[in-house]
Amino acid sequence: MAELIRWGIIGTGTIARKFAEGLAFARGAELRAVGSRTRDTAEAFGERYQIPNRHESYESLAADPEVDVVYIATPHPWHKENSMLCLRAGKAVLCEKPFTVNQEEALELVACARAEKRFLMEAMWTRFLPVIGEVRRLVQSGAIGRPVLMRGDFGFYGDYEEDKSAFLPELAGGALLDVGIYPISLASMIFGSSPSDIISAASLGRLGTDELNVVTLVYPQGEMAITSSAIRLETPQDAVITGEKGSIHIHAPFWCAEKITVSLEGKEPEVIEMPLQGNGYNYEAEAVMEALLADELESPLMPLDESIALMGILDKARKQWGLRYPMERGEWNNRV
Ligand SMILES: NC(=O)c1ccc[n+]([C@@H]2O[C@H](COP(=O)([O-])OP(=O)(O)OC[C@H]3O[C@@H](n4cnc5c(N)ncnc54)[C@H](OP(=O)(O)O)[C@@H]3O)[C@@H](O)[C@H]2O)c1
């Protein structure tokens, strides 16, 4: 593989645009190709980001010999299918969050990557931000003592008309899969991905998906994480990790944090600021490229077994609310 890593993007929506902008800040990245369902959108996106190879189908993008790694930026129900298309065509894949719709799909996707011996990673970009690296360092060094409690929330006010896709069951909508994955993933980073208990509740809206939820994770040694997410309610959007000797406050919005406050017993709180260089998506892209250059098949910071476990947590929470998506009931065929 060349030192310059050549990226392709599948999908041309909101996050595809942000990722394309982020890639411009990622050292060693070249945005070589885009794939869309139509020629016009591929051309328009290609024009906007000066991408030479513009494909009018995802299949054609996957087959592009000038692409090393593909970023999947389609809605949740197509993550598995689009990722597998690329893996089977010999590409490395960075797939948007939530990794898949449920754990069954995650297992299938990871099995495919392992069979094809290709790199795959869930695009949980928060993990790769500089200040979140500092949080990991502080926790691992024992600075706050044993971490015992985490609280984090991601809630925004979505409009039914403007943000309709966030609510639609056929797009695996609802707060949990859309944004609840962020605080749950943060808890997993701190306490591990195997809670011994999951206690959750949700308020389902008029389309039957969760507009507000609380998911409490209890870990084998008694640690707890209280997470919540919402798509019709603006919440503080911060997170706090409390240990036996102090705490770390990740300032809002915690999923693209630049600032933390570390409070240790008997000391003045210390504010640490690590401004993003770029729009934040460049860090996960750089981590992918580092892994590819080192011939790794997964990321040590966002391992595949953890992504599988996280989907299992989301499944269990949804089961407690009786929320199953149409494709899980065999009622809807998610073809593009
Ligand atoms: N990491 C983050 O910060 C972040 C932020 C927002 C969203 N996301 C994730 O990224 C994914 C995409 O979200 P988005 O907000 O970018 O969505 P979006 O604006 O609706 O764009 C999705 C793109 O996927 C393609 N697509 C394929 N099949 C589709 C279908 N049946 N309906 C609609 N679009 C379809 C379309 O591209 P073509 O027309 O070109 O084929 C579309 O532009 C979601 O899984 C979401 O959770 C992540």
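Counting starts at 1 for both ligands and their atoms, in listed order. Since we're looking at a predicted model, the values are computed, not measured.
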**Report entry** Path from I190 to V218 over hydrophobic side-chain contacts below 4.5 Å
**Finding:** no
Query - side chain to side chain contact (heavy atoms under 4.5 Å, CB included) assessment of L85 paired with E59 - result: CA-CA 7 Å; L85 171 74; E59 286 75 13; 4.1 Å; yes
**Report entry** Atoms of ligand 1 close to W125 [distance to a heavy atom under 4.0 angstrom, numbered from 1]
**Finding:** 1 (N), 2 (C), 3 (O)
Query raised in the report: Would M302 and F128 count as a side chain to side chain contact (heavy atoms under 4.5 Å, CB included) if you check the C-alpha gap in whole Å, the side-chain angles of each, and the deciding distance to 0.1 Å?
Result: CA-CA 9 Å; M302 189 65 254; F128 301 89; 4.0 Å; yes
**Report entry** Shortest non-hydrogen contact from V101 toward E105
**Finding:** N-OE1, 3.1 Å
Report task. Find all atoms of ligand 1 within a distance of less than 4.0 Å from any non-hydrogen atom belonging to T74, and give their numbers and elements. Result -> 11 (C), 12 (C), 24 (O), 25 (C), 27 (C), 44 (C), 45 (O)
Query raised in the report: Which ligand 1 atoms, with their elements, are less than 4.0 angstrom from a heavy-atom of T12?
Result: 37 (O), 38 (P), 39 (O), 40 (O), 43 (O)
Report task. Could you tell me which non-hydrogen atom of I181 sits nearest to which non-hydrogen atom of K97, and how far apart they are? Result -> CG2-CE, 3.9 Å
Query raised in the report: So which of H76, R17, K18 gets nearest to atom 44 (C) of ligand 1, if we judge by its closest heavy atom?
Result: H76
Query - Identity of the nearest option to atom 4 (C) of ligand 1, non-hydrogen atoms only, from I9, I15, V179 - result: I15
Query raised in the report: Is the shortest N/O to N/O distance between Y281 and ligand 1 below 3.5 Å?
Result: yes
Query raised in the report: Is H79 in contact with ligand 1, taking contact as a heavy-atom separation below 4.0 Å?
Result: yes
Report task. Carefully, step by step, assess E66 and R6 under the rule salt bridge (Lys or Arg N to Asp or Glu O under 4.0 Å). Result -> CA-CA 7 Å; E66 295 181 354; R6 301 163 303 178; over 6 Å; no
Query raised in the report: Quick one: which ligand 1 atoms are inside 4.0 Å of a heavy atom on W78?
Result: 30 (C), 31 (N)
Report task. Mind telling me whether F154 and F156 have parallel, tilted or perpendicular rings, with 30° and 60° as the class edges? Result -> perpendicular
Query raised in the report: For atom 22 (C) of ligand 1, which candidate among A73, P77, G173 holds the nearest heavy atom?
Result: A73
Report summary line: Under 4.0 Å from one or more heavy atoms of Y182, ligand 1 contributes atoms 1 (N), 2 (C), 3 (O)
Query raised in the report: If Ile, Leu, Val, Met, Phe, Trp and Tyr residues are connected whenever their side-chain heavy atoms lie under 4.5 Å apart, and connections chain through other members, are Y182 and Y157 in the same group?
Result: no
Report summary line: Near S36 (heavy-atom distance under 4.0 Å), the atoms of ligand 1 are 38 (P), 39 (O), 40 (O), 41 (O)
**Report entry** Y58 touching ligand 1 at heavy-atom level, < 4.0 angstrom
**Finding:** yes
Query raised in the report: Applying a strict 4.0 Å limit to heavy atoms, is F99 in contact with ligand 1?
Result: no
Query - Ring-ring centroid check W7 F19, cutoff 6.0 Å - result: yes
Requested in this report: Examine V135 and L301 and state if one hydrophobic cluster contains both, with Ile, Leu, Val, Met, Phe, Trp and Tyr joined whenever side-chain heavy atoms are less than 4.5 Å apart.
Outcome: yes
Query raised in the report: Does some non-hydrogen atom of P98 fall short of 4.0 Å from ligand 1?
Result: yes
Report summary line: Filtering E284, E122, K97, E96 for the heavy atom nearest atom 46 (C) of ligand 1 leaves K97
Query raised in the report: Under 4.0 Å from any heavy atom of G11, which atoms of ligand 1 are there?
Result: 37 (O), 40 (O)
Requested in this report: Look only at interatomic distance and state if G13 has a nitrogen or oxygen under 3.5 Å from any nitrogen or oxygen of ligand 1.
Outcome: yes
Query raised in the report: Is the closest side-chain heavy-atom distance between M121 and V288 below 4.5 Å?
Result: yes
